[in-house]
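Each remark here refers to the structure printed beneath this line.
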Amino acid sequence: MNQDTHRYDSGFPKIGIRPIVDRRKLVKAALADSTMELAREAAAEITEVLRNPDGSPVQVIIFEPCISGVTEAARCGEQFRKEGVGVVVTVSNGWCYPLETMETDPTLPHAVWGFNGTERPGAVYLAALHAAHNQKGLPIFKIYGKHIQDQDERKLPEDVRDQLIRFARAGMAAALLRGRSYLSIGPVSMGIAGCIVDEYFYQRYLGMKNAYVDMTEVSRRLDKHIYDQQEFVTAMAWAARHCVEGPDPNPESVRISPENKMKNWETSIRMTLIVRDLMIGNPRLAEMGYEEEAYGYNAIASGFQGQREWTDHQPSADVLEAILCSSFDWNGIREPYMIATENDNLNAITMLFNHYLSYTAQIFADVRAYWSPEAVERATGWKPDGLTANGFIHLINSGPAALDGTGEQQRDGQPVMKPHWEIETQEVQACLNAVRWRPTYMDQFAGGGYSTDYTTRGQMPVTMARINLVAGLGPVVQLAEGYTVDLPEEVHQQLDLRTTPTWPTTWFVPNLVEDDPVFGDVYNVMAAWGSNHCAVSYGHIGADLITLASMLRIPVNMHNVDSSRIFRPSAWSAFGTKDLEAADYRACAAYGPLYGSV
C-alpha cells in the first residue's frame with residue numbers, strides 16, 4: 001500500500017478566470033463571446049503547463065456569463081470562494097467600469113490581462129483597473145502584450161503567455177501554502193537561529209499554521225511500535241536491496257559492530273515512517289488502534305532537530321531526511337517531502353518555494369566554502385578553467401540532500417532533476433546506484449547512523465536560494481542562478497577529503513554579472529550569503545521566486561536575474577523605476593505581508 005495516497009485529500013486550490021465585458025447592450029452583444037474565447041484560451045495555456053503537486057493539471061474555473069457590473073462581480077466572488085479558488089486572473093477585451101467589476105479580496109494573487117487591440121480598448125480597461133487597485137492598496141499583476149493584435153485574434157502572444165504562466169505558477173505556489181502547516185520536530189539545533197520558528201512570519205506572510213512535537217514523540221512511537229509494521233518489513237527489504245553501504249570512516253577502535261549497525265538501519269527506517277506519519281497522518285494507524293496518531297499535522301514541510309539531544313544516543317536523521325526528501329522510496333515514485341535537517345525551518349520553507357515552482361526534489365546544503373582558483377591550484381596542482389575559472393562554491397550537508405540530486409535522471413541525454421511524474425524506474429535505480437550509505441562519524445553523531453555519499457553531476461542549471469529573517473526588516477529572499485560543475489576526479493577527491501567526504505557534495509558556480517557588487521565574482525556571492533544553509537533547485541527559477549516573493553511581500557536582497565525576466569505587481573513601479581531592488585523594499589514595506597490584515 002502506498003501510504004501517502006491520502007496526502008491531498010482536501011484537494012488543491014484552483015485558478016479562477018473573470019471575463020469582463022461592458023454592460024451596454026450592443027457592446028456586450030459584440031464582445032461577450034470573444035471575451036469568453038480569450039478566457040478559454042488563457043485557461044488552456046495554464047492547464048497545459050501547470051501541475052498540482054501530485055502531477056494532475058491545475059484546475060481552472062471560468063466564471064460565466066461575463067462580468068459587467070457589481071452584481072456579477074459579487075456572484076463570481078462567491079462562486080470562487082465556494083469552489084476553492086486561490087488565484088485570480090481577470091480578462092478583458094474592451095472597456096468596462098473598473099470600480100464595479102474589480103475583485104477586492106486582498107489575499108488573492110490577482111493578474112489582469114487587457115487585450116491589446118485598437119478596435120476595442122481592453123488595454124485602457126487594464127490601465128484604469130490597475131490604477132483603481134493601486135489607489136485602494138490592492139496591487140495586481142498587469143499583463144500587457146507588447147504588440148497590437150487584430151480584434152479576431154485569439155492565440156496568446158508569447159509575451160502575454162510568459163507573464164500569464166509566471167504569474168499563475170507563483171500564484172499557485174502561494175495558494176498551496178495557505179492553511180497548511182510547518183511541523184517542528186524538536187526545538188533549536190546547536191544554536192542555529194534558522195531553527196527558531198517565527199509564527200508571525202508563517203501566519204502573516206505565508207498564511208500557514210505551526211505545529212510542534214518534541215522528539216520524545218518519535219521515541220514513544222519507536223518504543224510502542226506505532227508505525228505500519230508490514231510497511232517496515234517492505235522498507236527494510238528495499239533498503240537491503242538498494243542502499244549500498246560505503247566504507248566506514250571511523251577508526252577501528254570506535255566503529256559500531258555489524259549487529260548494532262543493523263539495529264541502526266532498523267531504527268532509521270522506523271524514524272522515516274514515523275516522521276512521514278507525523279506530517280501527513282496514516283489511516284493504517286487508526287486500524288491499529290491509534291486513532292489520534294493517524295491524523296497527522298497537515299504539514300507540507302517539517303524539520304527534525306536531531307543534534308544533539310537525539311543524535312548523542314540515537315541514529316542520526318540522515319536516512320529519514322534523504323529518503324523522504326527524494327522522489328521515491330519502497331512504495332515507488334511519489335512527490336518528495338520537504339524536510340530540513342537541524343529543524344532549519346527557514347530553509348524548509350525555501351525548499352517548499354522551490355519545489356512548488358519547479359515541481360522537483362530539493363538539495364539541502366551547507367554553503368560550506370568558496371574555492372578560489374588560486375586556492376584550488378595550490379591544494380591540488382590543477383588550475384580551474386571553463387565554468388570553474390573564477391572559482392566555485394562547495395555545497396555539502398548530511399541528510400536532506402534528495403537522492404535526485406545525484407543528477408542521474410536524464411532528459412535529452414543531459415543530467416536533470418525531474419518532477420516525480422516524469423521519473424522512470426531505471427532512473428530511480430540509477431540514483432540509488434550512485435549513492436553509498438556511509439556510517440556516520442562517531443565524533444559527530446555518537447548514536448551512529450548513516451549518511452549519503454554522492455557527488456552531483458555537473459552541467460545542471462540550478463538555483464540556490466534562502467529566506468532569512470532580519471530584525472527591523474522581516475523576511476528577505478536571496479538567490480543565485482548558476483550551474484553544477486564537474487571537477488577532475490582526483491581534484492574532487494582531494495578537496496572533498498578536506499571536509500566530510502561521507503556527505504553529498506555539489507560543486508556550484510553562480511552566473512556572474514559584470515560590475516554587479518555581489519555577482520561580479522564568485523567570492524562575493526559566498527560572502528554575501530545570509531546563512532550557513534541554502535536550498536538548491538533544478539532549473540533557473542529565479543524569476544519565478546522573485547514573482548512569488550512579491551506576492552507575499554518579501555523583498556529580494558540579492559539575485560542575478562536579468563531585469564527583463566522580472567515580473568512584479570504593477571504598483572511596484574510607483575515606488576521607483578531606476579533602482580528595482582530599492583523599489584521592491586519600499587513596496588513590500590508599504591503593503592505589508594499578504595495576510596497582514598487577516
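In this text the structure is predicted, and so the values were computed from the model without any measurement. Basis for what follows: all heavy atoms, side chains included, without hydrogens, waters or symmetry-related copies.
- Taking Tyr538 as the reference, nothing meets the ring-ring contact (aromatic ring centres under 6.0 Å, His included) condition, with sequence neighbours excluded.
- At distances below 3.5 Å, at least one donor-acceptor pair connects side-chain atoms of Glu427 with backbone N or O atoms of Glu424.
- Panel note: side chain Asp105, backbone Thr107; a donor-acceptor pair is recorded below 3.5 Å.
- In this structure, Met351 and Ile339 have side chains that are not in contact, with every pair of non-hydrogen atoms separated by 4.5 Å or more.
- The closest donor-acceptor contact from the side chain of Glu342 to the backbone of Gly306 lies at 3.5 Å or more, if one exists at all.
- Side-chain contact between Leu479 and Met464 is absent, with no heavy atoms from C-beta onward closer than 4.5 Å.
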Verdict with reasoning, Phe141 to His110, per ring-ring contact (aromatic ring centres under 6.0 Å, His included): CA-CA 6 Å; Phe141 287 79; His110 190 173; 9.8 Å; no
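- Among residues two or more places apart in sequence or in another chain, the salt bridge (charged side-chain N to carboxylate O under 4.0 Å, His left out) test is passed with Glu78 by Arg81.
- Side-chain atoms of Thr547 come within 3.5 Å of backbone N or O of Phe567 as a donor-acceptor pair.
- Counting non-hydrogen atoms of other residues, nucleotides and ligands closer than 6.0 Å to NZ of Lys14 gives a total above 12.
- With hydrogens and angles disregarded, a donor-acceptor distance shorter than 3.5 Å links the side chain of Tyr182 to the backbone of Gly303.
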ring-ring contact (aromatic ring centres under 6.0 Å, His included) between His130 and Tyr144: does it pass, once the steps are laid out? CA-CA 11 Å; His130 115 94; Tyr144 177 51; over 10 Å; no
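- No donor-acceptor pair under 3.5 Å is formed between the side chain of Asn52 and the backbone N or O of Asp54.
- The side-chain hydrogen bond (donor to acceptor under 3.5 Å, both in side chains) check on Tyr202 picks up Asn345, with sequence neighbours excluded.
- Between Tyr359 and Trp421, the distance from one ring center to the other falls under 6.0 angstrom.
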Could you give me the CA-CA distance, side-chain angles and deciding distance for Asn511 and Asn560, then say whether side-chain hydrogen bond (donor to acceptor under 3.5 Å, both in side chains) is met? CA-CA 7 Å; Asn511 294 338; Asn560 55 350; 5.4 Å; no
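- Using a 4.5 Å heavy-atom cutoff, the side chains of Gln79 and Phe63 are in contact.
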Verify salt bridge (charged side-chain N to carboxylate O under 4.0 Å, His left out) between Glu199 and Lys209, making sure each step is shown before the conclusion. CA-CA 8 Å; Glu199 293 215 359; Lys209 299 178 181 179; over 6 Å; no
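- Here the closest heavy-atom approach between residue Leu285 and residue Glu293 is recorded as CD1-O, 3.7 Å.
- In this structure, Arg284 does not pair ionically with Glu231, as no charged nitrogen and carboxylate oxygen lie closer than 4.0 Å.
- Considering only residues two or more places apart in sequence or on other chains, Tyr8 meets the ring-ring contact (aromatic ring centres under 6.0 Å, His included) condition with Phe12.
- Formation of a donor-acceptor pair under 3.5 Å by the Thr484 side chain with backbone atoms of Thr456 is not found in this model.
- A heavy-atom distance below 4.5 Å is not found between the side chains of Lys418 and Thr360.
- A cation-pi arrangement is present between Arg7 and Tyr337 under the rule of less than 6.0 angstrom and at most 45 degrees off the ring axis.
- Judged by distance alone, with hydrogens and angles left aside, the side-chain atoms of Thr47 form no donor-acceptor pair with the main-chain N or O of Val58 at under 3.5 Å.
- With hydrogens and angles ignored, the 3.5 Å screen pairs no side-chain donor or acceptor of His533 with any backbone N or O of Asp344.
- Under 4.0 Å is where a charged nitrogen must lie from a carboxylate oxygen, and between Arg565 and Glu481 at least one such pair does.
- Side-chain contact between Cys534 and Leu395 is present, with at least one heavy-atom pair separated by less than 4.5 Å.
- With sequence neighbours excluded, no residue satisfies ring-ring contact (aromatic ring centres under 6.0 Å, His included) with Phe508.
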Test Ser537 against Ser358 for side-chain hydrogen bond (donor to acceptor under 3.5 Å, both in side chains), laying out the working first. CA-CA 7 Å; Ser537 177; Ser358 70; 3.1 Å; yes
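- When all heavy atoms of Arg18 and Cys76 are compared, the closest pair comes out as CG-SG, 3.8 Å.
- Side-chain N or O atoms of Arg586 include one that pairs as donor or acceptor with a backbone N or O of Phe575 at under 3.5 Å.
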Report the C-alpha distance between Ser181 and Asn298 in whole Å, list the side-chain angles of each, state the deciding distance to 0.1 Å, and finish with yes or no for side-chain hydrogen bond (donor to acceptor under 3.5 Å, both in side chains). CA-CA 6 Å; Ser181 64; Asn298 195 36; 5.2 Å; no
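- Looking at Arg466 and Ser531, their side chains do bring a donor and an acceptor atom within 3.5 Å of each other.
- Between Tyr591 and Trp572, the ring planes are parallel. Angles under 30° get that label, and only those over 60° would be called perpendicular.
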Going through the checks in order, is the side-chain hydrogen bond (donor to acceptor under 3.5 Å, both in side chains) test met by Ser189 and Asn343? CA-CA 7 Å; Ser189 173; Asn343 197 26; over 6 Å; no
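- The ring-ring contact (aromatic ring centres under 6.0 Å, His included) search around Phe519 returns none, not counting sequence neighbours.
- Using a 4.5 Å heavy-atom threshold, the side chains of Leu580 and Arg568 count as touching.
- Considering Asn347, Leu473, Val476, Val477 in turn, Val476 is the only one that fulfils the side chain to side chain contact (heavy atoms under 4.5 Å, CB included) rule with Asn468.
- Side chains of Phe364 and Val536 form no contact here, defined as non-hydrogen atoms less than 4.5 Å apart.
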